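Accompanying notes for the structure given below.
Heads up: numbering here begins at 1 and tracks the sequence. If you're wondering where the values come from, they're calculated on a predicted model, not measured in any experiment.
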Amino acid sequence: MSTNKRSLKVYGLLVVLLAFLAALNVYLPQGDLVSMVPDQELPASRGVLAAVNALTMLVVYGGLGLLGLTLSGRVGFPALWDEAVSNRERFLVPALVGASLGVFLVAADAVFSRLHALGPLPHPPFPTSLVASATAGIGEEIIFRLFFVSFWVWLISTVLLGGRWQENVFWIVSTLSGVAFALGHLPSVMFLYGMQSVGQVPVGLLVEIVLLNGVISLFAAYRWRRAGFLAAVGVHFWTDVVWHVIWGACRAGS
């Protein structure tokens, strides 16, 4: 099987897995993430929400990711399953990087939580935390790395600059992707804490959200460019496993 066909097959499996996990998450317990926002009713039945989530992942995320996969090949990034990339680079190194970032998040949250009155960031309960880690690792990397970075690097470096300064463009776009990724978490944080405007978010919490998510983004982008998209997914997933699954379980049991 050629590299391109294998990459498309693996990508298709990733999107199907993402759709399944997004649907499954509707039925899992949310723990403190629900208790922090009392009197909230579901906008529809769980079955309808699960179907909508799955369809969104298949059509929107799957479509944008497929476009990103195509454009990433045009700018010379490694294929999703590139025969030139070892499994060590594809799986082991991202796991080690992600686990290290997870420890960094735990330490950073302990520091930043002292700068405001809201305390440490909340975590979903197990097994929701594991499903959420996989969903974020695949879905958010599709949107913010595979699509966002590929599209803008292709448009700016290849189309507008004739292939020049791709390295500089990549890092500028990856930084902007990290900022967008971080700010994309603000609405959920505001919802959890009952905030009506960004102005209500404590500065310490805002800096923490941007810094931590930005760091994850840059490491994921770097590993993606070196070893393909699965490496970015691995960095994100294992970061969340340490941060949400392991640390979240430790905090719940304390």
| field | pair Ser157-Arg164: side-chain heavy atoms closer than 4.5 Å | value | no

| Does the side chain to side chain contact (heavy atoms under 4.5 Å, CB included) test come out yes or no for Leu64 and Phe148, once each step is laid out? | CA-CA 9 Å; Leu64 291 176; Phe148 187 101; over 6 Å; no

| remark: Which of Leu205, Val203, Val210 passes side-chain contact (heavy atoms from CB on, under 4.5 Å) with Val207? It is Val203

| Donor-acceptor contact below 3.5 Å, side chain Arg46 vs main chain Tyr27 | no

| message | Same cluster or not: Val93 versus Phe237, using hydrophobic residues (I, L, V, M, F, W, Y) connected whenever any side-chain heavy atoms lie under 4.5 Å apart? | response | no

| task | May I ask you to check whether Thr158 and Arg74 show a side-chain donor-acceptor distance below 3.5 Å? | result | no

| Heavy atoms, side chains only, cut-off 4.5 Å: are Arg225 and Val75 in contact? | no

| field | 4.5 Å side-chain heavy-atom contact, Phe104 and Leu212 | value | yes

| said: For Ala23 versus Asn53, what's the shortest heavy-atom pair and its separation? | reply: N-CB, 4.4 Å

| query | Under a single-linkage definition using a 4.5 Å side-chain heavy-atom cutoff for Ile, Leu, Val, Met, Phe, Trp and Tyr, are Ile209 and Leu115 assigned to the same hydrophobic cluster? | reply | yes

| field | Arg90 to Trp81, cation-pi by 6.0 Å centre distance and 45° axis angle | value | yes

| What pair of heavy atoms forms the shortest contact from Ala134 to Leu21, and how long is it? | CB-CD1, 3.5 Å

| said: To the nearest 0.5 Å, what is the distance between CD1 on Ile216 and CG on Asp240? | reply: 6.0 Å

| query | Are any non-hydrogen side-chain atoms of Glu208 and Leu121 less than 4.5 angstrom apart? | reply | yes

| task | Report whether Leu160 and Trp152 are members of the same hydrophobic cluster (ILVMFWY, side-chain heavy atoms less than 4.5 Å apart, transitive linking). | result | yes

| request: Hey, could you give me the OG/CZ distance between Ser133 and Phe126, rounded to the nearest 0.5 Å? | output: 10.0 Å

| note | Rounded to the nearest 0.5 Å, the CZ atom of Phe219 sits from the OH atom of Tyr222 at a distance of 9.5 Å

| query | What orientation do Trp224 and Phe77 show, parallel under 30°, tilted 30 to 60°, or perpendicular over 60°? | reply | perpendicular

| said: Do Leu69 and Leu8 make a side-chain contact, defined as non-hydrogen atoms from C-beta onward lying under 4.5 Å apart? | reply: yes

| field | Nearest atoms (heavy-atom pairs only) where Pro202 meets His116 | value | CB-CB, 3.7 Å

| Do you know which two heavy atoms are closest between Val85 and Pro78, and how far apart they sit? | CG2-CB, 4.5 Å

| query | Does Ser113 use its side chain to pair, donor to acceptor, with the backbone of Gly119 at less than 3.5 Å? | reply | no

| message | I want to check something: taking the side chain as every heavy atom from C-beta on, are Met57 and Val15 in contact at a cut-off of under 4.5 Å? | response | no

| query | Looking only at atom types and distance, does a side-chain atom of Ser72 sit under 3.5 Å from a main-chain N or O of Gly68, one as donor and one as acceptor? | reply | yes

| Point-to-point distance, once rounded to the nearest 0.5 Å, from OG1 of Thr135 to CG of Leu130 | 9.0 Å

| query | Are Arg145 and Phe229 in a cation-pi contact, defined as NZ or CZ under 6.0 Å from the six-membered ring centre and within 45° of the axis? | reply | no

| said: Starting from Val241, can I reach Val106 by hopping between I/L/V/M/F/W/Y residues whose side chains sit under 4.5 Å apart? | reply: no

| message | Angle between ring planes, His185 versus Phe181, binned at 30° and 60°: parallel, tilted or perpendicular? | response | perpendicular

| message | Under a 3.5 Å distance rule, please check whether Ser177 uses its side chain to pair with a backbone N or O of Val173 as donor and acceptor. | response | no

| query | Looking at Glu141 and Arg223, does any basic side-chain N land under 4.0 Å from a carboxylate oxygen? | reply | no

| query | Mind checking whether Leu96 and Val235 sit in one hydrophobic cluster, side chains of I, L, V, M, F, W, Y counted as touching below 4.5 Å? | reply | no

| field | From Ser7 atom OG to Leu230 atom CG, the distance as rounded to the nearest 0.5 Å | value | 8.5 Å

| field | Shortest non-hydrogen contact between Pro29 and Pro125, atoms and distance | value | O-CG, 3.4 Å

| query | Taking all non-hydrogen atoms of both residues, which atom of Val201 and which atom of Met190 are closest, and how far apart? | reply | CG2-CG, 3.8 Å

| message | Let's go through Tyr11 and Ile142 carefully: what are the C-alpha distance in whole Å and the side-chain angles of both, what is the deciding distance for side chain to side chain contact (heavy atoms under 4.5 Å, CB included) to 0.1 Å, and is it a yes or a no? | response | CA-CA 10 Å; Tyr11 176 71; Ile142 284 178; 4.1 Å; yes

| Can you check whether Leu18 reaches Leu14 side chain to side chain, under 4.5 Å on heavy atoms? | no

| task | Answer yes or no: does atom CH2 of Trp238 have more than 12 heavy-atom neighbours from other residues, nucleotides or ligands under 6.0 Å? | result | no

| message | Taking CD in Gln200 as the centre, count heavy atoms belonging to other residues, nucleotides or ligands within less than 6.0 Å. Is the count above 12? | response | yes

| What distance do Leu71 atom CG and Leu66 atom CG have between them, rounded to the nearest 0.5 Å? | 9.5 Å

| task | State, yes or no, whether a side-chain contact exists between Val242 and Val103 at a heavy-atom distance under 4.5 Å. | result | yes

| Near Phe20 CZ, under 6.0 Å, is it more than 12 heavy atoms from other residues, nucleotides or ligands? | no

